[in-house]
> 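First the structure, then my questions, so here it is.
Proteins come first, then strands; the chains are lettered A, B, ... in the order of their sequence lines, and each starts at number 1. A quick note: this is a predicted structure, and the numbers were derived from the prediction, not measured.
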Amino acid sequence: MTSDIAAILALDGIATGAIYVLVAVGTVLIFTVTRVMFIPFGDIAAFTALTLAALETGQLPGTVGLVLVLAVLASLVEVWSLARAGKARQIPKALVFYLLLPVLIVLLARLALPLTPSMPVRILLALLLVMPISPLLDRIVFRPIADASVLLLLIVSMALHFALVGLGLLFFGPEGVRTQPLTNAAFEIFGVHVGGQTILIVLASIVFSGLLYLFFGFTLTGKALRATAVNRTGARLMGIRPARSGAIAYLVGSLMAGVSGILVAPVNTIFYDSGFLLGLKAFVGAIIGGLASYPGTAIGAVFVGVLESFASFESSALKEVIVFSLLIPILIWRSIASPHIEEEVEE
Amino acid sequence: MTRAQLAAVKIVAVLALAAAPFLVSPFSVTLLNYIGIYSLVAIGLVLLTGVVGIISFGQAAFVGIAAYATGWVSAIQGQSPWLGLLLAIVLTCAIAAVLGLVTLRLQGHFLSLSTIAWGLAIGFLFGNIDGLGGFNGLSNIPPIAIGNYVLSEGRQIYYLIWATVIVVLFLLHNLLNSRLGRAMRAMRGGKTLVESLGVSAYWVNLTAFVIAAFLAALSGWFYAHLSRFISPTPFEPLAGIEYLMMAMIGGATSLLGGIVGAAVIIFLKNAVQDYLPLIAKGASGQLEIVAFASIFILFLQRARQGIVPFLTRFLPRTQPQRPEAAAALPLRKQPAPGEILLKVEQAERRFGGLVAVNKVSFEVRAGEILGLIGPNGAGKSTMFNLLTGALRCNGGSIVFAGRNIERLSQATIARAGVARTFQHVKLRPRMTLLDNVLLGAYPRTRSGLFSGALRLDRQEEARARAEAMRQLERIGLGDNPFELAGNLPLGNQRLLEIARALAADPLLLVLDEPAAGLRRNEKQKLAELLANLRREHVTILLVEHDMEFVMNLVDRIVVMDFGVKLCEGDPAAIRNDPRVQEAYLGSTV
């Protein structure tokens, strides 16, 4: 391996890693606020790419159907639980969030489609269409078991991922897509050819992580989320509703995952099931950050990207094996580094 | 239900299984074959998930290793499938042992995440190793043959599969009712308790992990030779989730749950494949996954317990037999009364800047009850944890029965003869009183995996049961040994902990605030028991908060305050010591 190749591989790895950063940060956010290891963020990213691709060709994306189905389900669950709790008066407000808002977004997409919107509008539409998915899933799947153990939530999360893959095939079909490049610019940096797309990916990753930092540090909602992450009961006593914090966390996380989907779509061909590996590799990054530290997560995700890049140069067939085998020493290190308070799972 | 009736039910079930191939269609026989094959994996997961409490997403990878091993031996090397079985088992168990050795020290969800990691990594290997058919798979795998009798028909292999399942059930059932099996059942709910009983949690976990992998290997071997073709797909993470689903829906706390779960999933799959195309043409494949994942999620939200445990509640319970008298287990040689049993010298423990135990020295003599008292934050609990190995000293030495123990693990110290109780009672609420006390006898008994599974341990087991029964009677809970420990009031739970500790035949009994939270009459009962133990010359170290309780009971007292030893002496002298009064009341009265 010459230094030229090494530089290209490193650059490639950083770009891949930057995409993982966005998904990984969302994963950490969800985990700290809700204790759910939300594996399906990779699927959200893939769905965003598929949505954008459909919008480019002027088709109504499959996301529309998915969002409508989930909105109806979530509304049913919410109405049922409110009615049972004797809070029938809150039903109209709940329906605004769980039914009206998603339907409005879908309508917007439907109306905008014949106008052949420009690329920024398409991107915005794709993000808007995808963002309701995980909050709705949260309402349907995770909210009823919010107090269950981390492990149970993990099993549910895995099952949910496979349900989403099936739904993805149903709504998006088996074809792979690749969207138009966001930029055609190219640069020479220290004699190495760097695509504008690569720079865009890294920049977007930095910008969105920065925004997240500002959100947490300087807004009341962000602080409420942090409080929920530290201590659910304590936050509840301070008048913060964990369910609402959870919904916000899912929205923010979806946005990050959506952006990563938009960024990756012009570079890689995305299929309905591409999200699994994307999500899991981001997850490896999140684990390097101990599922707690955002800077640690970002470093971890970039590390995974670079490792993958070099691994695929050495042996492209075994790169996944290498990346996931690496997780075991990382887990051992994390397990030793963070003394664990025994979660008493007494039946 | 009497034992005879239970045996009759079992015989009828086995006969029904034996007759099934003649009564149902060949297609149903194929389904039954797959149920048998999958239930082997699910039974392994029951042991791993339901009994020991390790949630593994990666069992499909073990099935795959075995299937590819036997596929390679029989289809590529042209050797006998039986040689394939040998390689499948050896390879799978070896890989499981290595993975287990590396990962089983991981805690909580880290451990489950590691199963996803190796499950994925191994899953990706199958399609990418040269010479194993790649993603097209490996065909022409020969059927199993016994001598010249080739098991190529579903009906022929049926008996081999189900005989294996029944033997596995029998062996595991025996195992779970043996010494090792009890330790496995006690693993759920935290390692602290099992370690304090002299059990190495790591080795128990590893044993269960390798057994589960062994069962997955059997399943993989059958799978390869029944379907005669293998490809990477059935060994990918989706299948791992499916196995977990079988074990949990069937009921992860019951061995039968594995079979029931496998049956439910396979029949459901079959039904879904029959009916989904009627609802949605052309989309049934993906809807199947969606339907299954949704069912599983609903199950995890609403039921969790599983089918078999749910049904057993409605069945009449069989009355277990009370332990009969048997020869006593071997006893330790107790030290002569007055001899120094435990010597703590200049023990020190720091947490960052805080010195929780600061150069504390004292000794416990055989046959006495020593009280270790002090106000909140005095360092009693830290001292206690140093003695039992839950924490390590930063300095000083602790010598127990002539042996330095300050560097030993909890389990080793427990085996050396220190038995403890917990301030927050640690029992296994779903196990019977007898089983809880039997856990205490673990270090006094020897039988292991094979003697437990093959019932070669019955003589030792009878002696241990008799010993546990004696201890239950000693604390006055001998009336109902098959009551569940979780049903006892707190006072009796404390007594049960003491019985468990006594069953270990300890040299030193260490009690951590045994009177905390007890009512007055419960305290009296406890005090009576301890007074009786003193008459029997049991050496006791009592860490306690309740002065009144301690004063009437102990021979000598050591007082700690702010991490240092304040003073030492007989109860009367301590009561009148101005330093002690100041420590407890704030200033001299």
> Is chain B contacted by the side chain of A:Leu277, its backbone, both, or neither, given a heavy-atom distance below 4.5 Å?
side chain

> For the CZ atom on B:Arg304, are there more than 12 heavy atoms of other groups (residues, nucleotides or ligands in this structure) within a distance under 6.0 Å?
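Yes, because the 6.0 Å sphere around CZ of B:Arg304 holds more than 12 heavy atoms from other groups.
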
> Can you find a heavy atom in the side chain of A:Phe276 that is under 4.5 Å from one in the side chain of B:Leu120?
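Yes, close enough: below the 4.5 Å cut-off.
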
> Can you tell me which portion of B:Leu99 sits under 4.5 Å from chain A's heavy atoms? Options are side chain, backbone, both or neither.
side chain

> In residues 45-59 of chain B, which residues are in contact with chain A at a heavy-atom separation under 4.5 Å?
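When heavy atoms of chain A are the reference, residues 45-59 of chain B contributes B:Ile55, B:Phe57 within the under-4.5 Å range.
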
> Can you label the angle between the A:Phe31 ring and the B:His109 ring as parallel, tilted or perpendicular, going by 30° and 60°?
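Ring orientation, 0 to 90° scale: perpendicular.
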
> Are any of the side-chain heavy atoms of B:Val290 and A:Leu170 separated by less than 4.5 Å?
no

> Answer whether the closest heavy-atom distance between the side chains of B:Ile116 and A:Met158 falls below 4.5 Å.
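Sidechains of A:Met158 and B:Ile116: in contact.
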
> Among A:Gly168, A:Ser325, A:Ala163, single out the residue with the greatest number of heavy-atom pairs under 4.5 Å to chain B.
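That would be A:Ala163.
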
> Should A:Ile328 and B:Trp118 count as side-chain neighbours, where that means a heavy-atom distance under 4.5 Å?
yes

> If you compare all heavy atoms of B:Ile289 against all heavy atoms of A:Phe162, which two are closest, and at what distance to 0.1 Å?
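Nearest pair, atom of B:Ile289 first, then A:Phe162: CG2-O, 3.3 Å.
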
> Side-chain contact, heavy-atom cut-off 4.5 Å: A:Leu318 with B:Leu125?
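Yes, their side chains come closer than 4.5 Å.
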
> Could you state the interatomic distance from OG (B:Ser114) to CZ (A:Arg334), rounded to the nearest 0.5 Å?
15.5 Å

> Of all the heavy-atom pairs spanning A:Ala159 and B:Ile241, show the shortest one and how long it is.
N-CD1, 4.2 Å

> Against chain B, label A:Phe283 side chain, backbone, both or neither, depending on which of its atoms sit under 4.5 Å from a heavy atom there.
side chain

> Does the side chain of A:Ile155 reach to within under 4.5 Å of the side chain of B:Met248, using non-hydrogen atoms?
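A side-chain contact under 4.5 Å exists here.
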
> Do B:Thr103 and A:Leu331 make a side-chain contact, defined as non-hydrogen atoms from C-beta onward lying under 4.5 Å apart?
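Counting from C-beta outward, B:Thr103 and A:Leu331 never come under 4.5 Å.
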
> Given the options A:Val165, A:Leu167, A:Ile330, which has more heavy-atom pairs under 4.5 Å with chain B than any of the others?
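Highest number of heavy-atom pairs under 4.5 Å: A:Leu167.
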
> Does anything in residues 294-303 of chain B reach chain A? List residues with heavy atoms under 4.5 Å apart, or say none.
B:Phe296, B:Ile297, B:Leu300, B:Gln301

> Side chain from CB out, backbone as N, CA, C, O: work out which of these in B:Leu113 comes under 4.5 Å of a heavy atom of chain A, or both, or neither.
both

> Where do B:Ala117 and A:Leu327 come nearest, in terms of heavy atoms and distance?
CB-CD2, 3.5 Å

> Chain B heavy atoms under 4.5 Å from A:Ile322: which part of the residue, side chain, backbone, both or neither?
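Neither part, no heavy atoms under 4.5 Å.
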
